[in-house]
Amino acid sequence: MSKEDVAIIGVGQSAFVRGYQGSIRELAFEAYREAMQDAGISSVDIDASIICSAPEYDNQRSPAGIIAEYLGLNPQPTFAVESVCSSSTTGIKIGYSMIKSELHDIVIILGFQKMSKISSADSQERMGRGADILWESPFGTMMPAYYAMHARAHFAGYGSTEKDLAMIRVKSSKYGILNEKAVYRKEVKLDDALNAGLVAGPLKKFDCCANADGASCIIMASNAKAREITKKPVWIMGLGSATATMTMSGRDALNGLASARVAAKNAYAMAKVTPRDIDVAEVHDCFTIAEMMAYENLGFAEPGKGMELIRAGETYIGGKIPVNVDGGLLSKGHPIGATGGSQVRTIVQQLRGEAGAIQVPGAAIGLVHNIGGVGVYGNVIILGR
Amino acid sequence: MSKEDVAIIGVGQSAFVRGYQGSIRELAFEAYREAMQDAGISSVDIDASIICSAPEYDNQRSPAGIIAEYLGLNPQPTFAVESVCSSSTTGIKIGYSMIKSELHDIVIILGFQKMSKISSADSQERMGRGADILWESPFGTMMPAYYAMHARAHFAGYGSTEKDLAMIRVKSSKYGILNEKAVYRKEVKLDDALNAGLVAGPLKKFDCCANADGASCIIMASNAKAREITKKPVWIMGLGSATATMTMSGRDALNGLASARVAAKNAYAMAKVTPRDIDVAEVHDCFTIAEMMAYENLGFAEPGKGMELIRAGETYIGGKIPVNVDGGLLSKGHPIGATGGSQVRTIVQQLRGEAGAIQVPGAAIGLVHNIGGVGVYGNVIILGR
Amino acid sequence: MGFEKFGHKSFTSLTKVDAFVAGLENKELKYTKCRSCGKTYFPPRADCCGCLGNDMEWIKIDGTGNLLSYTRVNYAPTGFEKDVPYTLALVDFNGIKVFGRLSSAIAKEETMVVMQLKTQVVNLPNGQITYEFIKPS
Amino acid sequence: MGFEKFGHKSFTSLTKVDAFVAGLENKELKYTKCRSCGKTYFPPRADCCGCLGNDMEWIKIDGTGNLLSYTRVNYAPTGFEKDVPYTLALVDFNGIKVFGRLSSAIAKEETMVVMQLKTQVVNLPNGQITYEFIKPS
Ligand SMILES: [Zn+2]
Ligand SMILES: [Zn+2]
C-alpha cells in the first residue's frame, strides 16, 4: 500500500541530442509541452515551478526567471536548484515538501541542460571545478578519472572485471536502441566495449556516457488535485537524500558510494519496502562502474556481488531486478539537469503500464537512483502506483 | 497568536566586507559558527543544509558540496538554491517546507557570496546576464539601469523626487554607522547624496548599494525541536513568493514590483495579519528606489504615497513602521546570496529584543522583503515571537 | 545560427526565432502571434505558453509608440564601455512593449516619459544589427 | 594570497590555509590538527567543524602510505592537455588520505593498489609548486 500524499500526474522529456538548435527556454518548452499534455492541465493550474540545472554551460544566468516566463508561469514562484547531475531529483524532493507542507498544490520540476555550446575539454574543466578547486582540481581531475578510481578500487576489492563493466554497456545498448529519445542508439557488442580506447584506465570509451542537450519535466500534485486530474497517479512512496565529502580524502572507501547507500536506506525506510520489493529501477549509470556500484549500494546485491547480477542477466527485463531498461544515461546521454527527471519519467511510464517495448510486466513499485558529482549528492526515490 | 509549526532557533552573519581574504568555505564558516553558537547545537543535530548563492562569482562549482563538507554536514543532504539576490529567503521557504512536511527536523540555510574576485564591470556583466540574454542584455543592461527606469516611472507617475530617494539614503547611513558588520559606515548627508555623480539617471552613487563579500546562516527547527533547544524561538508566520517576467516588455508598469505585491499579499494571508500589524521591517534596498517601491508594494503606504513615509520620518525608529534600521543593503552591502539571511537575522534579533542600539521597542511581528533581480523574484516572510 | 548578429554585443547564437534577424535585415521589427489562439509576443517566441502550440505568424511593429521609461547610463557592463553614455528605454506600441536604446540624436533635455517614438533598424559598425527608437519625422 | 602557486594549474588564490604553500616551499607536506579537540584534517583547514574552533597546528605528513586507488588518464580538462597521460591517485598515510599525482617515474606496469608510496615536493617548470607520490627509496 503506497503512501498517497503526493503524486506525479504528468511527465515529459525532449529528445536528448548532440547539438540542440535553439535556446534553453525553447529546449525547456519541449519537455514542458509533453508533460502538460500528459497531465491535461494548463499553466494557470500550476502553483510553482522548480528549475533544475548546473550553471556555466549557458550564458543565461538565473535561468529560472526566463524559463518560468517562457512557460507562462508568472506570477507563480520559481527558483533554481542545483546538485549537479542529481539536480532534478533534488527538485522532486523539494516539490514533494512544498506540496506535503501545503504551501502549494501543483508544482512542476523542470530539468534542463544545454552542453553543446562548449567543447568536451571545457565541459570536463567545468565538471573538474565541481570537485574541490583548492585541493583536487589543481591536479587535473575530471569525472571519468574519479569514477575510474572507483572502478579500480572495486576491481581490487571484489574481483570485478572490465568484462563485467562491458556487459553493463551491452545491456544499455540493447535497450537504448529502442528509445527514440536517446542520443546513442547503436548496438554495442561486448568486444566493441572491451576493445575501445582507454579514457581513464580502466574505463574505456563505451564505459562513459555522452554529454547531451535535453530537458525533462515532472508535474507533481497533492492527493486531492491528483485524484481530480488523473486516473493514473503515481505516488511518491519514499525519498532519501544524502551526501559524501567532495574530497576523496574524506571518504572511507572508493568501492561504492556512501551517499547512495544512506539515501537508499532512508528511502526504503520512508516507503516501508525492501530492495526485494522493487520491480524496476533506473540507476545513475554515468559510467558502467556507477551502475555496478548502484546494484550494491541499493541492496539489489550484497557488497561485492553486483557483478553476479549482470553476469546472470538479472538486470535485464525478465530478470530479478530490471535496471535501466530505457538505455540509461549510457545510451540516452546525460544532460545534467535533465537526467533525474528523465529517470523518473521512465519509472512513471512503467508503473502506468505505458512503457511499450520495454514494459516490465506488472511493475508496481519502481526506484530512481540519481547521483550528483562523484557521489557527493545521492538521491533515491521510490514510486508506487 | 503566531503559527508555531516552524521556528528560527539560530542566526549568524559574517562581517560584510570589500575583499574577504579567504575562500568561500571559510567565509561560510564565519556565519555558520555564529549561528551554531547562537543555537547551541552541534553538526550532528542538523538534518539538512541548503546553500544559497548566485553562481559565476567564484571558480568553485557546486558549492553546496564543498561547503557542507567544510561545515561537517556529511552525510546529511545538501543542495544549492538560486534566485539571485533573494536566494537565501528562497532557502528559508524550502527549509520551512522540509520541516513542515516532516522530511527533516533541523535545517540550516547558508547564504554566501564572494564578489571581490571580479571587477565591478564584470560583476555588472554577470548581473546583466541575469536579464534576458536574447532580448535585453545585447543593449548593455545592468542592475542600476533597470532600477533607474523604475525610478523614472515612479517620478513620472507619482511625483516622487530625487530628494525623496536621497532621504532614504540618509536614513540608511544613520543606522549603518551603528552596524559593526556593515561595509559602509560613514554618514551620508542629504547634499552628499543629491550632489553625487549619476550612475544611471536619475540614480546617483549613493542611491546604489555596494557589492560585498559576506555570509549568513539561519537555523530552522520544528516546533518540538525548537521548544527543546531555545527559550526564544521566532516563528515563521507567513511566507509569500512570486515572480514577474524577466523581460521589461512583459510588465504592466515600472512604478512598482508586481512580484513583491503578490508575495506580500500571500504572506499576509498566510500569517493572518495586515501591514499595520508589522512592527519592524527589512526591505530589499539594493537601490533607494527599491525601498520606496517596497513601502507601497508591502502596503505600508498606498501606491504613490511612499514618499510621504520617508518625508515624515515614519520609517525611522519611533515612526509608524521602522524600515531597515540595521542600515539595509545600502549600508551593509549586498553579498547576493547572503543578503536575505542577513535581513532575517536582523528581524530575529529585533523580535528577541536583542537588537541593542537599533531595538524597536516591543517589536513582536517583523517582516522581510527580499527581491531577486529587478523584481523577477519576490519573497516576503513574516516572523513572530 | 544567425542570432549572434543581433544587438550591440551578442550573448547567444541559437534560438528558433532567428527569423527576427532576417526581419531586421529587411528593415522590419517584428513580433509573433500564435495562429492557434491569437496570443501575441514581443519578444517574439517560437512556442505559445497559452495553448502549447508552435505555429507562429510574424507581424511588423508599425507606427509610433510612447516612452514608458528610460535611463541614461554613465557606466556600462564589460563589453559596452565604449558606448557610454547611452539611453535604455521601454516603449509601448499599442500594447506591444519594446525594450531598446534611444537614438543618440535625441537630446537629453527633450527626453521625457510619454514622448512619441518610432523604431528604426541600425546597422552597427562592428557588423551587428539592432534597432533603436527615434523621433517620428 | 600565495595559494595560486599550488598545483599544476590554480583555480583560486585566497584561503586562510595558504601556509600550506609555505610548507611545500620547505619541502614539507602538512595537515592541520585542532588544538582544542584534536581533530585532524587533510586537506588542511582553518576551522574545526568538530568544536567550531579555529586554533590549528600544522603537522608534517611523514613516512610511507599505501595506494588506495589510481587512474591513468588519456584525456584532460582544459589547461592540463600537455600533461597527458598522468596518473591520479589516493594514498593513505596512516589514516590521513592524500589526493595527488603519481610520479611519472613509476611504470604503469608496477602501479597497483596497496603499493607503498611516499610524498615528494615538486617545483614545476611553470613556477608552480606541488607534491607527488614516489616509491620509497
Ligand atoms: Zn497559442
Ligand atoms: Zn576542534
Side-chain angles (χ1 to χ4, degrees), chain A residues 10 12 14-15 17-46 49 55-63 65-76 78 108 110 112-118 213 215 217 219, chain C residues 1-24 30-58 68 76-80 88 90 95-100 126 128 130:
Chain A
S14 76
V17 297
R18 279 278 171 209
Y20 179 73
Q21 295 299 303
S23 62
I24 58 170
R25 66 193 74 176
E26 292 155 349
L27 177 59
F29 202 91
E30 299 203 12
Y32 176 72
R33 174 187 284 125
E34 196 173 285
M36 292 293 280
Q37 289 171 339
D38 183 40
I41 60 174
S42 69
S43 63
V44 293
D45 299 317
I46 294 171
S49 56
E56 296 193 45
Y57 291 101
D58 190 86
N59 271 331
Q60 181 68 60
R61 289 181 71 239
S62 212
I66 201 68
I67 287 176
E69 174 176 351
Y70 197 76
L71 305 184
L73 298 178
N74 302 120
Q76 300 98 308
T78 191
I108 73 156
L110 192 302
F112 78 91
Q113 210 77 50
K114 186 158 168 250
M115 308 178 73
S116 59
K117 281 288 283 182
I118 58 176
D213 297 344
C217 184
I219 306 176
Chain C
M1 296 292 280
F3 197 74
E4 69 280 0
K5 272 201 73 178
F6 172 59
H8 296 263
K9 173 183 168 181
S10 176
F11 292 89
T12 191
S13 60
L14 288 172
T15 167
K16 292 182 178 176
V17 287
D18 53 7
F20 180 76
V21 174
L24 289 183
K30 293 180 171 177
Y31 65 95
T32 56
K33 182 177 177 182
C34 175
R35 286 205 175 89
S36 311
C37 76
K39 210 165 145 64
T40 60
Y41 295 101
F42 190 90
R45 295 187 181 203
D47 305 289
C48 179
C49 61
C51 71
L52 303 175
N54 59 359
D55 184 12
M56 290 284 178
E57 179 181 5
W58 287 89
L68 293 175
T78 303
F80 297 91
L88 297 165
L90 185 66
I96 302 277
K97 300 192 197 86
V98 182
F99 187 91
N126 62 3
Q128 293 289 102
T130 188

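Naming: A, B, ... by sequence-line order, numbering from 1 per chain.
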Practice task
Using non-hydrogen atoms and a 4.5 Å limit, figure out which bit of A/S43 sits close to chain C: side chain, backbone, both or neither.
Solution key: side chain

Practice task
Could you list the residues that satisfy salt bridge (charged side-chain N to carboxylate O under 4.0 Å, His left out) with A/R18, not counting sequence neighbours?
Solution key: none

Practice task
For side-chain hydrogen bond (donor to acceptor under 3.5 Å, both in side chains), just list the numbers for C/S13 and A/K117, CA-CA rounded to whole Å, side-chain angles, deciding distance to a tenth of an Å, and then say yes or no.
Solution key: CA-CA 9 Å; C/S13 60; A/K117 281 288 283 182; 2.9 Å; yes

Problem - Nearest heavy atoms of C/L14 and A/Y20, plus distance in Å - result: CD1-O, 3.5 Å

Exercise for the section: Give the member of A/R33, A/K114, A/M36 that has the highest number of heavy-atom pairs under 4.5 Å with chain C. Expected result: A/R33

Exercise for the section: Go through the atoms of A/E34 and report whether side chain, backbone, both or neither lie under 4.5 Å from a heavy atom of chain C. Expected result: neither

Practice task
Mind listing the closest non-hydrogen atom pair of A/Y70 and C/D47 along with its distance?
Solution key: OH-OD2, 2.8 Å

Practice task
Please name the pair of heavy atoms, one in C/R45 and one in A/E69, separated by the smallest distance, quoted to 0.1 Å.
Solution key: NH2-O, 3.0 Å

Exercise for the section: Identify the two heavy atoms, one from C/V17 and one from A/E26, that lie closest to each other, and give their separation to 0.1 Å. Expected result: N-OE2, 3.9 Å

Handout entry: Results of side-chain contact (heavy atoms from CB on, under 4.5 Å) for C/T130 - residues two or more places apart only
Key = B/F139, C/F6, C/H8, C/V122, C/L124

Practice task
Give, as side chain, backbone, both or neither, the part of A/Y32 having an atom under 4.5 angstrom from any heavy atom of chain C.
Solution key: side chain

Problem - Interface moiety of C/C51 toward chain A, non-hydrogen atoms closer than 4.5 Å - result: neither

